[in-house]
Amino acid sequence: MSVGYKNIAIVGASGSIGKIILNGLIESSQFSITAITRKESEATFPAGVTVCKTDFSESDLAEAFKGKDAVISTVGAAGFSEQKKLVDVALSAGVKRFIPSEFSASSQNEIVLKLLPLFGQKTELLNYLKTKESEGLSWTGIVPSLLFDWGLENGFLGFDIPNRKATIWDDGNKKFTLTNEKQLAQAAVSTLQRPEATKNQYLFIASAETSHGEILATLEESTAAKWEVTETTTDQEVNHGMQKLGAGDFSGAFNLVRATSFGNTPGLNANYIKDEKLGNGLLGLELESVKGTVNRVVKK
């Protein structure tokens with residue numbers, strides 16, 4: 001397959017999402033990759049990745065973006081407000097494609113925004129990107145919801161594999177979709193390989209359709225053990241998250257992020273297979289089995 005865009009800059013490449021996408025680009029062996037970091041950053045990157053340290057001034061970024069076909073922003077919440085500057089500099093530097101830091105629940109869903117007002121900055125950025133289409137800068141939003149294997153391994157999804165403990169929301173039967181790391185990375189690679197097909201598109205992706213109950217049952221089968229279960233509710237988790245944030249504890253946002261998938265709040269559209277137009281076909285992604293993912297993570 002011919003490469004649409006070859007020279008790629010990644011902002012935030014040392015973060016959780018940034019590492020996943022960076023590794024996917026490296027494994028494809030089709031791109032010239034530059035990691036854009038702050039001058040004070042001590043992050044290290046694999047051989048073959050050009051590292052450009054910048055003070056994030058417009059002039060510094062313009063030099064970093066020079067000659068790049070695409071810029072991928074994987075910045076975390078603290079960097080959402082800086083993305084508009086990245087867009088402006090990318091446009092002035094002649095960059096053709098900007099991939100904003102979506103990589104979570106949909107910032108185009110009003111119920112998600114009520115749970116996570118911070119995502120309003122993502123919505124504003126996407127609207128801003130649309131105003132730049134006529135000036136030659138295209139965009140692609142990649143929306144994976146929560147990450148399946150990543151969140152199983154580190155406990156983010158509420159399953160403690162070493163200690164055989166699980167936190168189950170509501171009755172455990174609510175269906176949602178999750179995406180595996182390699183599928184997210186492949187979505188980014190495919191977007192760059194298919195510039196016309198993915199131009200100015202908001203792409204929902206998924207690896208599996210599942211529920212808390214199914215994940216728990218699969219984990220118990222895979223570990224040959226009965227797990228200790230703590231039951232919680234959407235209201236409890238959302239209220240707890242809001243209280244934490246109100247007290248200045250940003251970890252409360254994690255409760256709310258989980259609520260965008262696990263919550264029983266009407267209108268979340270968390271089952272992308274049924275609730276949204278899935279971009280898997282366009283990006284060459286296939287659905288994967290819950291059992292296969294669980295077994296792979298348990299073995300690790």
Side-chain angles (χ1 to χ4, degrees), residues 16-17 76-77 80 101-123 126 141-160 165-180 183-184 202-219 227-247 249-278 287 290 293-294:
S16 297
I17 297 294
F80 289 168
S101 186
E102 288 290 327
F103 308 122
S104 184
S106 172
S107 69
Q108 306 303 292
N109 182 294
E110 291 183 4
I111 308 302
V112 169
L113 293 179
K114 286 180 181 179
L115 283 170
L116 284 165
L118 180 67
F119 277 24
Q121 293 182 56
K122 295 186 175 190
T123 310
L126 203 67
I142 300 173
V143 191
S145 187
L146 304 186
L147 297 184
F148 195 2
D149 48 4
W150 179 89
L152 270 184
E153 188 172 348
N154 62 25
F156 186 82
L157 299 183
F159 298 94
D160 180 350
K165 295 180 179 180
T167 301
I168 303 298
W169 289 47
D170 305 310
D171 60 7
N173 294 323
K174 190 269 178 81
K175 290 281 190 179
F176 44 79
T177 56
L178 302 169
T179 300
N180 284 326
Q183 294 278 62
L184 173 58
Y202 197 71
L203 300 174
F204 294 89
I205 62 172
S207 294
E209 176 188 22
T210 188
S211 67
H212 261 154
E214 182 182 13
I215 295 172
L216 174 60
T218 309
L219 280 165
W227 282 42
E228 179 184 332
V229 174
T230 299
E231 295 181 348
T232 188
T233 67
T234 299
D235 287 344
Q236 285 176 317
E237 291 297 320
V238 170
N239 290 338
H240 191 40
M242 294 291 192
Q243 288 171 5
K244 281 184 175 180
L245 287 174
D249 181 356
F250 188 73
S251 70
F254 299 146
N255 297 64
L256 303 180
V257 170
R258 284 187 283 267
T260 63
S261 283
F262 304 156
N264 60 15
T265 311
L268 280 174
N269 293 354
N271 186 347
Y272 292 169
I273 292 173
K274 290 187 170 65
D275 300 332
E276 303 289 356
K277 180 183 177 183
L278 207 60
L287 293 177
V290 173
T293 299
V294 167

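Here the structure is a predicted model, which is why all the values come from computation and not from measurement. The figures that follow rest on heavy atoms only: side chains count, while hydrogens, waters and symmetry mates do not.
Other residues, nucleotides and ligands contribute only 12 or fewer heavy atoms inside 6.0 Å of the CD atom of Glu231.
Distance alone, capped at 3.5 Å, is enough to place a donor-acceptor pair between the Lys122 side chain and the Glu102 backbone. A distance-only check finds no donor-acceptor pair linking the side chain of Ser145 to the backbone of Ser104 [under 3.5 Å]. No side-chain donor-acceptor contact under 3.5 Å links Asp149 to the backbone of Asn180.
Phe119 pairs by the ring-ring contact (aromatic ring centres under 6.0 Å, His included) definition with nothing, not counting sequence neighbours. Scanning for side-chain hydrogen bond (donor to acceptor under 3.5 Å, both in side chains) contacts around Gln183 gives an empty result, with sequence neighbours left out. Not counting sequence neighbours, the partners of Trp150 by the ring-ring contact (aromatic ring centres under 6.0 Å, His included) test are Phe156. Partners of Phe148 under the ring-ring contact (aromatic ring centres under 6.0 Å, His included) rule, at least two apart in sequence or in another chain, do not exist in this structure. A search for ring-ring contact (aromatic ring centres under 6.0 Å, His included) contacts involving Phe80 returns nothing, not counting sequence neighbours.
To the nearest 0.5 angstrom, Ser251 atom OG is 10.0 Å from Leu256 atom CG.
Considering Phe204, Tyr202, Phe176 in turn, Phe204 is the only one that fulfils the ring pair (Phe, Tyr, Trp, His ring centres under 6.0 Å) rule with Tyr272.
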Would you list the atom pairs, donor with acceptor, under 3.5 Å between side chains in residues 210-218 and any protein atom, with sequence neighbours excluded?
{"from": "Thr210", "atom 1": "OG1", "to": "Glu214", "atom 2": "OE1", "distance (Å)": "2.9"}
{"from": "Ser211", "atom 1": "OG", "to": "Gly172", "atom 2": "O", "distance (Å)": "3.4"}
{"from": "Ser211", "atom 1": "OG", "to": "Glu214", "atom 2": "N", "distance (Å)": "3.1"}
{"from": "His212", "atom 1": "ND1", "to": "Trp169", "atom 2": "N", "distance (Å)": "3.3"}
{"from": "Thr218", "atom 1": "OG1", "to": "Glu214", "atom 2": "O", "distance (Å)": "2.7"}

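Thr260 and Ala105 make their closest contact through OG1-CB, 3.5 Å (heavy atoms, listed as atom of the first residue, atom of the second, distance).
Counting heavy atoms from C-beta on, the side chains of Lys174 and Leu268 come closer than 4.5 Å. Counting heavy atoms from C-beta on, the side chains of Ile17 and Leu184 come closer than 4.5 Å.
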